[in-house]
Amino acid sequence: MGRESDLRELDAALRELSRAVHRAAERLTRVEPLTQAQAEVLRVIVHEPGTVPGHLAAVTGMRPSNVSTVLRHLTELGLIEREIDPADRRSSRILPTRKAIENAARIDAARTRLVLDALATVDETEVGRLLAAVPALRSLAHALHDRG
């Protein structure tokens, strides 16, 4: 295998892992299933309460119109609220509801438990390799964030 082929394998493995953990955590917690885009926008809102739609678009790399659609759906699900920005009354800040915060905590706990339980079934040498890869994976994530 060449380097490009190996990197494609890495990309596929990371996406497969992400989807598997996401689906399993939703099943375990029995929260309302969200699309990847909805989950990402909500994650930002929960971690950055009071954020504005423009920031959400920039952070997620989504088009503003798509962010608006996601925000409308999250509002319908009772996961977010809008409040007028006191600094600029023409814009609104997005806040997570209690339901969103509780769901996020349950999903985070489920994700952690799922991964820890799965790692307990993996050969210790492989676990060591995964742990050694953490700094490189974080560097990759930062490089992707920097590309915007």
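Note that the structure is predicted; figures quoted are calculated from it, not measured.
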Restricting to salt bridge (charged side-chain N to carboxylate O under 4.0 Å, His left out), what partner residues turn up for [X], sequence neighbours left out?
{"X": "D11", "answer": "R15"}
{"X": "E126", "answer": "R129"}
{"X": "R90", "answer": "D88"}
{"X": "E4", "answer": "R8"}

(request) Give a yes or no on this: more than 12 heavy atoms of other residues, nucleotides or ligands lie within 6.0 Å of atom CD of Q36. (result) no

(request) Looking only at non-hydrogen atoms, find the nearest pair between L42 and A100 and report the distance. (result) CD1-CB, 4.0 Å

(request) Give the minimum heavy-atom separation between L95 and P49, together with the two atoms involved. (result) CD2-C, 4.0 Å

(message) Applying side-chain contact (heavy atoms from CB on, under 4.5 Å) to H73 and T35, what does each step give before you reach the verdict?
(response) CA-CA 11 Å; H73 186 71; T35 67; over 6 Å; no

(request) For the pair Q38 and L74, evaluate side-chain contact (heavy atoms from CB on, under 4.5 Å) and give the outcome as yes or no after the intermediate values. (result) CA-CA 7 Å; Q38 293 164 347; L74 293 174; 4.2 Å; yes

(request) Report yes if some heavy atom in the side chain of I94 is under 4.5 Å from a heavy atom in the side chain of R82; otherwise report no. (result) yes

(request) With the side chain counted from C-beta on, respond yes when R93 and P86 share a heavy-atom pair under 4.5 Å apart, and no when they do not. (result) yes

(message) As an exercise, state the distance from CG of L77 to OG1 of T97, rounded to the nearest 0.5 Å.
(response) 9.5 Å

(message) Before you tell me yes or no, could you show the steps for I45 and L71 under side-chain contact (heavy atoms from CB on, under 4.5 Å), namely the whole-Å CA-CA distance, both residues' side-chain angles and the distance that decides it to 0.1 Å?
(response) CA-CA 10 Å; I45 294 166; L71 292 175; 3.8 Å; yes

(request) Just do the side-chain contact (heavy atoms from CB on, under 4.5 Å) check on L144 and L140 with the steps written out, would you? (result) CA-CA 6 Å; L144 289 168; L140 176 59; 4.2 Å; yes

(request) Determine which pairs satisfy side-chain hydrogen bond (donor to acceptor under 3.5 Å, both in side chains) with at least one residue from residues 42-57, sequence neighbours left out, and list them in order. (result) E40-R43, E48-H55

When the side chains of residues 104-115 are checked against the rest of the protein, which donor-acceptor pairs come out under 3.5 Å, sequence neighbours left out?
| unit_1 | atom_1 | unit_2 | atom_2 | d |
| --- | --- | --- | --- | --- |
| R106 | NH1 | N103 | OD1 | 3.4 |
| R106 | NH2 | T29 | O | 2.2 |
| T112 | OG1 | D108 | O | 3.0 |
| R113 | NH1 | D117 | OD1 | 3.0 |

(message) Can a donor-acceptor pair be found, under 3.5 Å and without considering hydrogens, that links the side chain of T60 to the backbone of V41?
(response) no

